[in-house]
Amino acid sequence: MKLPIYLDHNATTPCDPRVMEVMLPYFTDLYGNAASRSHSFGWQAEEAVDYAREQVARLIGAEPKEIIFTSGATEGDNLAIKGAFEMYAGKGNHIITCVTEHKAVLDTCRHIEKLGGTVTYLPVNKEGLIDLQQLEAAITPRTILIAIMYANNETGTIQPVKEIGKLAKKHGVLFFTDATQAVGKIPVDVIKDEIDLLTCSAHKMYGPKGVGALYVRRKNPRVKLTAQLDGGGHEKGMRSGTLNVPGIAGLGKAADICRQQLEADGQRLSQLRDKLENALLKLDATYVNGSRDHRLPHVANISFNFVNGDGLMMGLNKEVALSSGAACTSASMEPSYVLKALGVEDDLAHSSLRFSIGRFTTEEQIDFVIEKVTNTVELLRKNLIIS
Ligand SMILES: *Cc1c(COP(=O)(O)O)cnc(C)c1O
């Protein structure tokens with residue numbers, strides 16, 4: 001077996017070979033600028049972009065016109081939040097979000113506060129879920145946007161998106177969801193879920209890095225955003241800049257494959273994930289973080305008590321590539337703010353591992369990982385007792 005085994009698909013996914021194949025001609029023969037209207041090079045590029053727009057729209061139940069191509073989810077998060085804040089300044093300046101959001105949302109909200117906006121950061125329960133009554137109580141006449149992620153990148157916990165959409169509509173507030181981890185993995189439908197703005201990213205769904213999409217609803221209501229990049233007026237004036245044609249073609253293909261394989265992939269991955277999780281839970285003092293009922297099919301975040309977090313990582317990372325519950329911020333190792341928000345103690349957060357499996361993960365690899373992690377945890381615990 002080839003080592004190390006990659007179990008960090010929430011950080012990024014490998015590009016599917018079928019996606020790469022679709023992209024390649026746009027680097028070589030079909031290198032036109034999609035905005036060139038006067039020759040076939042431009043037309044061919046535009047055709048590829050239009051096709052990808054349809055593919056992405058179809059995956060999330062949107063209209064092609066509602067898809068704005070971006071450089072990824074970080075840009076989409078910034079454009080949705082800052083763009084709505086500027087556009088709807090006449091209505092209010094209050095945004096509601098949640099403490100376990102991705103930094104691309106949280107840091108953007110901090111920026112909004114510096115600009116004079118007010119932000120409510122909803123807490124989560126120990127499963128990682130927001131409370132809908134708390135959400136409704138937080139809405140004021142000045143609230144313009146609810147920004148709650150679809151599924152969490154560290155735990156895989158899926159928020160009650162449909163209910164949030166319903167509440168937002170009832171109060172005439174826009175609902176934005178960072179669905180980067182959900183799109184392509186579980187069914188996402190902007191109509192059924194009553195979503196007004198949604199962001200996703202190609203490299204989290206077996207497409208290339210540096211390209212993503214922002215869904216902007218065009219009716220009931222028609223959502224407008226103030227552009228954050230000014231220039232040639234591309235993407236309906238919401239996002240200027242020459243389009244990344246190969247990347248966009250790849251995103252489209254990635255979306256198409258995800259749509260076709262979503263159910264089968266989800267079933268296979270949840271079986272593998274459950275096998276991994278159930279085997280590791282046989283160890284003493286081992287806990288799952290986040291909701292087990294409302295969770296992405298391919299994610300397991302597990303804490304191993306009485307194990308040194310650094311030791312665990314060092315014991316594993318030659319053979320298994322995964323993320324820990326500690327994040328490197330500057331020089332120090334901080335326990336994950338997401339796990340802390342669920343009430344996980346610092347020590348336990350440090351000795352947590354995020355397993356995120358993917359389309360090309362095999363059962364043989366999972367069996368190897370079960371044995372490797374089990375042995376490493378047992379060894380570290382033995383050493384702890386001896387020393
Ligand atoms: C990865 C990720 C992002 C950032 O996406 P990029 O395309 O890398 O900018 C934002 N939000 C969530 C939930 C993510 O998982």
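All ligand and atom numbering here is 1-based and tracks the order in the structure. For clarity, every value in this text was computed on a predicted model and none was experimentally measured.
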Ignoring hydrogens and angles, tell me if any N or O in the side chain of Tyr88 forms a donor-acceptor pair with the backbone of Lys224 under 3.5 Å. yes
Please check: side-chain N/O of Asn10 versus main-chain N/O of Asn153, any donor-acceptor pairing under 3.5 Å? yes
List the atom pairs, with distances to 0.1 Å, where a side-chain N or O of residues 123-130 and a protein N or O form a donor-acceptor pair under 3.5 Å, not counting sequence neighbours.
from   : atom 1 : to     : atom 2 : distance (Å)
Asn125 : OD1    : Glu127 : N      : 2.9
Asn125 : OD1    : Gly128 : N      : 3.1
Asn125 : OD1    : Leu129 : N      : 3.0

Indicate, with yes or no, if Val373 and Val288 share a hydrophobic cluster defined by side-chain heavy-atom contacts under 4.5 Å among Ile, Leu, Val, Met, Phe, Trp and Tyr. no
Using a 4.0 angstrom limit on heavy atoms, which residues are close to ligand 1? Gly72, Ala73, Thr74, Asp77, His102, Met149, Asn153, Asp178, Thr180, Gln181, Ser201, His203, Lys204
Which ILVMFWY residues can you reach from Tyr31 by hopping between side chains whose heavy atoms are under 4.5 Å apart? Phe41
Name all residues meeting the side-chain hydrogen bond (donor to acceptor under 3.5 Å, both in side chains) criterion together with Asp107; count only those two or more places apart in sequence or in a different chain, and write none if there are none. none
